[in-house]
K.L.:
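Structure incoming, see below.
Note that ligands are numbered from 1 as they come in the structure, with each ligand's atoms numbered from 1 the same way. This structure is a prediction, so every number in the text was calculated from the model and none was measured.
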Amino acid sequence: MTQLRAFIEGMPKAELHLHIEGSLEPELMFSLAQKNNISLPFKTVEEVRDAYQFSDLQDFLDIYYQGMGVLQTEQDFYDLTWAYLTKIHSQNVIHTEIFFDPQGHTDRGISFDTVINGIHRALVDGSEKLGISSYLIMCFLRHLDESAALETLEQALPYKDKIKGVGLDSSELGHPPSKFAHVFARAKQEGFLAVAHAGEEGPPEYVFEALDILKIDRLDHGNRSLENDTLTQRLASTKMALTVCPLSNYKLAGVTDMRQHPLREMLDKNLNATINSDDPAYFGGYMNENYFAVAEALDLSKDDLITLARNGFNATFCNLQEKAALQSRLDDYLKQ
Ligand code: ADE
Ligand code: ZN
């Protein structure tokens, strides 16, 4: 396993499912709280980490929305994003597609402009100083209504050049993709690509809706798709990419034993699965730790790991030439 770990660490990778607000480490949360005069319900970093035990998605989301309250200024969003980029750089992630939740900030009085300018400036530095290419994906909070999502889309239009796609996240159960049919249609008209969290806690019907109504270009999680054979076959035959997040599934109790993680079945059924971290500061690991977890629990081979990394590059929103350049970084690594 030590050998396989070293192989994973050195392997060039792409991350396609990462909520930037979910990369807020307790240390940065504390320093921003102090700087911005915000009181936290925790006394120490250890207390925060101890509080990160979740029974389900909603239990996590309550703490996640509270945590992001320390983000106030453009520099805060820059620092958050920069910390994530330097971390993944140390893990040989060479391309990342980052979610952000504008409504989690605008609803508490932070301007859209503050959020996007801070994140974007860090991404430019990430490209120039770390060689990490990236795209931004703006997510709509599905527990809010569609009119709020439409307003958010309007706010985003002046920043269209900085945003590659739209996504759908937050509390899944009771908030099916069909609730957001109009806003996704509008976003597609404007030229945005589309993704959606579906089948994380929700039933296969939600995945069908994400495909047929939202016309998604990539599926976030998708675990529960396996409960429906027709859906599973459709995902395989259309090569729909799934952004799987192993440690997240474990921490949110979707998977109680990593040895039972559905990734094995996904690979066996020819699903286009990729490995991602979701909210690494809350779930106990970035990209490499997610790879380690499934490699160990599911006894993955080196070839399985290479397939997962290749799937990741292929599933990016890059053009064919850029994808080929990413794949060739992996080829070079394998030749060493
Ligand atoms: N927002 C942040 N992380 C999320 C997740 N895993 N599912 C849904 N919404 C989220
Ligand atoms: Zn997510």
K.L.:
Using modelled atom types and a 3.5 Å cut-off, is there a donor and acceptor pairing between side-chain atoms of Glu47 and backbone atoms of Phe42?
P.N.:
no
K.L.:
Measure the acute angle between the ring planes of Tyr64 and Phe60, then classify it against the limits of 30° and 60° as parallel, tilted or perpendicular.
P.N.:
tilted
K.L.:
Just wondering, is there an N, O or S atom on His221 that's nearer than 2.8 Å to the Zn ion (ligand 2)?
P.N.:
no
K.L.:
Would you please indicate yes or no on a ring centroid separation below 6.0 angstrom for His143 and His175?
P.N.:
no
K.L.:
Side chains of Ser301 and Asp304: donor-acceptor distance under 3.5 Å anywhere?
P.N.:
yes
K.L.:
Counting backbone and side-chain atoms alike, is an N, O or S atom of Cys245 positioned under 2.8 Å from the Zn ion (ligand 2)?
P.N.:
no
K.L.:
Does the ring center of Phe317 lie less than 6.0 Å from the ring center of Phe192?
P.N.:
no
K.L.:
Could you tell me which N, O or S atom of His19 is nearest to the Zn ion (ligand 2)?
P.N.:
NE2
K.L.:
Give, rounded to 10 degrees, the angle between NE2 (His17) and NE2 (His197) as seen from the Zn ion (ligand 2).
P.N.:
90°
K.L.:
Can you tell me if Asp220 has a non-hydrogen atom under 4.0 Å from ligand 1?
P.N.:
no
K.L.:
Where do Tyr286 and Ser90 land on the side chain to side chain donor-acceptor pair (under 3.5 Å) test, with the steps shown first?
P.N.:
CA-CA 11 Å; Tyr286 287 76; Ser90 77; over 6 Å; no
K.L.:
Of all the atoms in ligand 1, which lie at a distance below 4.0 Å from a heavy atom belonging to His221?
P.N.:
6 (N)
K.L.:
If you round to the nearest 0.5 Å, how far is CG of Leu57 from CG of Leu173?
P.N.:
8.0 Å
K.L.:
In the protein, what heavy atom is nearest to atom 9 (N) of ligand 1, and what distance, to one decimal place, separates them?
P.N.:
Ser170 N, 2.8 Å
K.L.:
Name the orientation class of the two ring planes belonging to His95 and Tyr135 (parallel below 30°, tilted from 30 to 60°, perpendicular beyond 60°).
P.N.:
perpendicular
K.L.:
Using a 4.0 Å heavy-atom threshold (strictly under), name the region of Phe60 that reaches ligand 1: side chain, backbone, both or neither.
P.N.:
side chain
K.L.:
Check each atom of ligand 1 against the heavy atoms of Glu200 and keep those under 4.0 Å away; list them by number with element.
P.N.:
5 (C), 6 (N), 7 (N), 8 (C)
K.L.:
When only distance counts, is Asp279 in polar contact with ligand 1, meaning an N/O pair under 3.5 Å?
P.N.:
yes
K.L.:
Do you know which N/O/S atom name in Asp278 is closest to the Zn ion (ligand 2)?
P.N.:
OD1
K.L.:
Angle between ring planes, His17 versus Phe99, binned at 30° and 60°: parallel, tilted or perpendicular?
P.N.:
perpendicular
K.L.:
Checking a contact table here: which protein heavy atom is nearest atom 1 (N) of ligand 1, and how many Å away?
P.N.:
His19 CE1, 3.5 Å
K.L.:
Measure the distance from atom 6 (N) of ligand 1 to every protein heavy atom, then report the residue, atom name and distance (to 0.1 Å) of the closest one.
P.N.:
Asp278 OD2, 2.7 Å
